[in-house]
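The basis for the numbers below is simple: all heavy atoms, side chains too, and nothing from hydrogens, waters or symmetry mates. When a residue number appears, it is its place in the shown sequence, counting from 1.
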Amino acid sequence: MREIRAVLCGYYGKGNAGDEALLASLLQMLPKGVTPLVLSGNPTETRKRYKVQSCDRNSAFRVLKAMRNSDFFIWGGGSLIQDVTSAASPLYYAGLMGLARQLGLKTIAWAQGIGPLKRELTRRVARQSFASCTAVSVRDRGSAELLADWKIPFIIAPDPVWALDSSQVQGLWDLPAPRVAVTLRSHPALTPERLANLTEALINFQKATQTCILLVPFQASQDLSIAESIQSQLPGSNQIFQIEDPRELKGLFRGVEMAIGMRYHSLIMAAAAECRCFALSYDPKVSQLMSDLDLPGWELAQLPDDPNIISQTWLEHYANGDPLSSDQIQSLVDRALMHRDLLTQALSISN
């Protein structure tokens with residue numbers, strides 16, 4: 001069997017832990033005999049961390065060279081095709097998809113979370129891109145409904161990060177227990193007033209529980225300043241954890257009793273580790289996850305104005321809330337491996 005070469009394209013090498021976890025999951029799920037080359041915003045770091053070939057995603061010459069030497073273009077996963085953050089993002093990925101097809105590569109849309117798509121142009125471009133794929137997998141019902149409406153074949157399975165291997169975090173078990181992880185990010189919905197209320201609620205919660213608060217920035221450029229601001233006001237034991245290895249980041253939640261999170265993948269990692277989870281939703285994907293897993297939480301727009309109500313709600317969930325059962329988690333992990341099965345089937349086409 002000859003070697004298969006695949007270009008992997010996503011929001012990789014940009015300092016976002018959720019996207020790095022998707023890349024780690026994709027590399028973990030690739031069949032043996034497939035040689036990946038990752039398009040990255042930081043190819044040196046990507047090569048070092050994952051021991052794979054990588055090139056600058058913004059270098060047209062290097063991207064073109066990589067594609068000319070490859071058989072497949074794997075596009076995913078995550079919320080790449082959406083025009084809320086930027087209208088340029090879906091056009092960038094759709095453009096690479098078009099180039100890959102012109103060069104004769106088979107294209108796979110993997111573990112996609114499609115939308116929101118507010119503009120007619122991006123909806124049309126997205127439809128054309130998915131329609132031309134050899135195989136498509138999505139991670140949520142909204143994406144599935146959109147593709148079904150477009151009459152594009154697909155499979156739906158939980159996010160691949162459910163099935164990502166985890167590893168131990170150095171120093172975690174030296175911190176006092178019990179521990180609670182907090183993952184907040186900057187967003188227009190997290191106004192200064194809401195952040196102040198959440199911070200006061202967290203102070204009250206820590207005083208009542210004597211828990212060690214772990215502040216976990218998933219993207220330093222958006223999360224670290226918030227973590228530092230909260231840390232400066234906490235009265236008890238706390239630690240900021242900046243973890244670059246996605247497996248270690250997932251492993252962090254094995255040492256945590258409860259997670260309070262805005263970040264989508266922080267909630268998945270925490271739930272997979274049998275943590276009690278409390279969600280703060282800023283995005284439809286987080287709201288969908290809350291619905292799918294029956295997670296307690298608030299849309300940020302509906303966050304109570306009274307910090308005491310927030311802290312009392314957290315205390316109630318900390319004392320009486322239930323994590324997912326081991327059977328529920330195993331079911332999610334098993335179904336997430338459908339993304340692996342899709343890769344195995346699609347990549348075997350050229351054998």
Side-chain angles (χ1 to χ4, degrees), residues 10-11 16-22 24-25 76-82 84-85 110-117 137-147 154-164 166 180-185 187 189-190 198 216 218-219 222-223 246 249-250 252-253 256 258-303 313-314 317 321-339:
Y11 195 67
N16 184 302
D19 291 287
E20 294 303 305
L22 284 166
S25 301
S79 302
L80 303 179
I81 301 300
Q82 50 82 22
V84 174
T85 304
W110 180 81
Q112 294 283 319
I114 309 168
L117 295 170
S137 69
V138 297
R139 68 182 186 184
D140 63 88
R141 292 199 309 270
S143 300
E145 289 167 1
L146 192 57
L147 291 179
F154 65 91
I155 68 162
I156 178 171
D159 190 285
V161 173
W162 284 102
L164 178 65
S166 63
V180 171
V182 178
T183 60
L184 301 183
R185 56 157 290 167
H187 190 270
L190 186 62
L198 287 170
V216 190
F218 263 54
Q219 187 170 8
Q222 296 189 11
D223 305 4
L249 186 57
K250 191 176 183 184
L252 174 80
F253 293 94
V256 167
M258 177 171 150
I260 299 168
M262 287 176 67
R263 288 285 186 181
Y264 175 81
H265 281 108
S266 75
L267 294 167
I268 288 177
M269 291 177 176
E274 297 189 50
C275 293
R276 284 157 285 181
C277 296
F278 194 95
L280 300 168
S281 179
Y282 69 97
D283 187 277
K285 65 185 178 186
V286 179
S287 301
Q288 184 66 64
L289 186 69
M290 292 167 66
S291 174
D292 290 345
L293 302 183
D294 196 24
L295 297 182
W298 288 296
E299 302 281 337
L300 275 177
Q302 276 78 52
L303 186 75
T313 304
W314 287 345
H317 186 58
D322 292 317
L324 297 185
S325 70
S326 56
D327 286 345
Q328 286 176 300
I329 294 167
Q330 191 58 54
S331 174
L332 286 157
V333 170
D334 290 343
R335 288 187 288 126
L337 291 173
M338 292 169 65
H339 296 291

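Rounding to the nearest 0.5 angstrom, the gap separating the CG atom in Leu184 from the CD1 atom in Ile260 is 8.5 Å. Once rounded to the nearest 0.5 Å, the distance linking NE2 of His317 with SG of Cys277 reads 6.5 Å. The line from CD of Gln222 to CZ of Arg185 is 4.0 Å long, rounded to the nearest 0.5 Å. Taken to the nearest 0.5 Å, the CH2 atom of Trp162 stands 6.5 Å off from the CD1 atom of Ile329. The distance from atom OG of Ser287 to atom OH of Tyr264, rounded to the nearest 0.5 Å, is 11.5 Å. Between atom CZ of residue Phe218 and atom CD of residue Glu20 there is a gap of 12.0 Å, rounded to the nearest 0.5 Å.
Applying side chain to side chain contact (heavy atoms under 4.5 Å, CB included) to Ser281 and the options Val286, Leu289, Leu300, Leu303 leaves one that passes, Val286. With respect to Arg263, the side chain to side chain contact (heavy atoms under 4.5 Å, CB included) criterion is satisfied by exactly one of Asp283, Leu280, Asp223: Asp223.
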Arg141/Ser291 under side chain to side chain contact (heavy atoms under 4.5 Å, CB included): CA gap, chis, key distance, verdict: CA-CA 11 Å; Arg141 292 199 309 270; Ser291 174; 4.1 Å; yes

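Leu117 is listed as a side-chain neighbour of Leu146, based on a closest heavy-atom distance under 4.5 Å. Using a 4.5 Å heavy-atom cutoff, the side chains of Arg276 and Pro323 are in contact. At least one side-chain heavy atom of Leu324 sits less than 4.5 Å from a side-chain heavy atom of Leu332. Trp314 places none of its side-chain heavy atoms less than 4.5 Å from the side chain of Val180.
A donor-acceptor distance shorter than 3.5 angstrom exists from the side chain of Lys250 to the backbone of Leu164, with no hydrogens or angles considered. His339 places no side-chain N or O within donor-acceptor distance of the main-chain N or O of Ile155, the cut-off being under 3.5 Å. One N or O on the side chain of Ser137 and one on the backbone of Ala111 form a donor-acceptor pair closer than 3.5 Å. Gln82 places a side-chain N or O within donor-acceptor distance of the main-chain N or O of Val84, the cut-off being under 3.5 Å.
The minimum heavy-atom distance linking His265 with Gly18 is given by the pair ND1-CA, 3.5 Å. Closest approach of Ile114 and Asp140 over heavy atoms only: N-OD2, 4.4 Å. Across all non-hydrogen atoms, the minimal contact from Ala17 to Leu249 is CB-CD2, 3.4 Å. The minimum heavy-atom distance between Met269 and Ala21, with the atom names listed, is CE-CB, 3.7 Å. Nearest heavy-atom pair across Leu80 and Tyr11 is CD2-N, 3.8 Å. A pairwise comparison of heavy atoms in Pro160 and Leu22 identifies CD-CD2, 4.0 Å as the closest pair.
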